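Side chains included, hydrogens not; waters and symmetry mates left out as well; all remaining heavy atoms used. Bear in mind that the values here come from a model prediction, so they are computed numbers and not experimental data. So you know, we letter chains A, B, ... as the sequences are listed, proteins then strands, and number each from 1.
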Amino acid sequence: MDKKSKILPADFFNRDTLKVARDLLGKFLVRKIGRRVLSDVITEVEAYDGFDDRASHSHRGMTKRNEPMFGEAGIFYVYFTYGMHFMLNIVTGEKDYPAAVLIRGLQHVSGPARLTKKFRIDKKLNGLPVSKKSGLWVEDRGVVVSKKQIKQTPRIGVLYAGPVWAKKPYRFVFES
DNA sequence: TAAGTGATCTCT
DNA sequence: GAGATCACTTAA
């Protein structure tokens with residue numbers, strides 16, 4: 001393994017959700033499947049932050065599905081939707097504060113459901129820590145992301161959240 | 001542009 | 001229990 005690459009610790013995720021989202025751009029998502037290791041650069045993320053965020057699953061309170069969002073920073077929140085797609089999120093912030101970052105795209109994979117398919121991410125990872133022992137983790141390999149390369153836009157597919165929350169610029173895109 | 005697909009949430 | 005919804009993708 002490259003000397004410069006380092007695995008992000010749980011602490012990385014225990015910060016303001018928007019900062020974590022932005023800082024995840026340029027980091028590598030790494031997946032171990034048996035003997036094979038897949039990795040790719042994270043290029044698109046969205047923040048879902050707090051109780052009031054009407055676009056977030058958490059805004060109606062804790063349910064069986066969104067329970068991991070209320071957990072500690074640095075665990076996965078994986079859920080199934082549209083009858084066929086898994087979504088990958090990483091939980092941020094303090095325990096009992098519901099927040100997470102949705103990984104929407106990688107350099108060679110666009111679309112949140114396609115990346116979970118390619119990386120074989122499913123509910124088994126739900127609630128597991130973002131670390132090597134889970135077989136899925138995030139590494140900093142020294143990619144420098146300048147402010148000019150970051151585009152900030154409203155989130156996708158959340159029009160139902162009403163004018164205020166649907167327009168929040170909580171989506172970050174890394175354009176290299 | 002719309003169908004597919006099924007878990008989950010929100011009422012009865 | 002029933003009905004609606006859904007942080008999407010693909011095919012046309």
[N] OP1/OP2 closer than 4.0 Å to side-chain N/O of [X]:
X	N	answer
A/R60	B/dT10	yes
A/R104	C/dC8	yes
A/T63	B/dC9	yes
A/Y160	C/dA7	yes

Centroid distance under 5.5 Å and plane angle under 30°, A/Y48 vs C/dA7: yes

5′-ward residue of the pair A/R114/A/H57 relative to DNA chain C: A/H57

Nearest whole Å is fine: how far is [N] [atom2] from [X] [atom1]?
X	N	atom1	atom2	result
A/E67	B/dA7	CD	P	19 Å
A/Y82	C/dT9	OH	C1'	10 Å
A/D122	B/dG6	CG	C1'	15 Å
A/N126	B/dT8	CG	P	10 Å
A/L88	C/dC8	CG	C1'	15 Å
A/R54	C/dC6	CZ	P	11 Å
A/M87	C/dT9	CE	C1'	9 Å
A/F172	C/dA7	CZ	P	19 Å

Shortest side-chain distance from A/T81, nucleotide among C/dC6, B/dC9, C/dA7: C/dC6

Nearest heavy-atom neighbours spanning A/A55 and A/Y160: O-OH, 3.0 Å

Contact summary for A/Q107 and A/S176, nearest pair of heavy atoms: NE2-OG, 3.8 Å

Contact class for [X] vs. all strands (heavy atom < 4.0 Å): base, sugar-phosphate, or nothing?
X	value
A/A55	base
A/R155	nothing
A/M84	base

Geometric class of the A/F51/A/Y97 ring pair [parallel <30°, tilted 30-60°, perpendicular >60°]: perpendicular

Who pairs with C/dA7 - Watson-Crick or G-U, where each distance is under 3.5 Å: none

First of A/H85 and A/K123 reached from the 5' end of DNA chain B, by closest nucleotide: A/H85

Salt-bridge contact A/D40-A/R31 (side-chain N to carboxylate O under 4.0 Å): no

A/R155 to A/Y48 six-membered ring, cation-pi geometry met (6.0 Å, 45°): yes

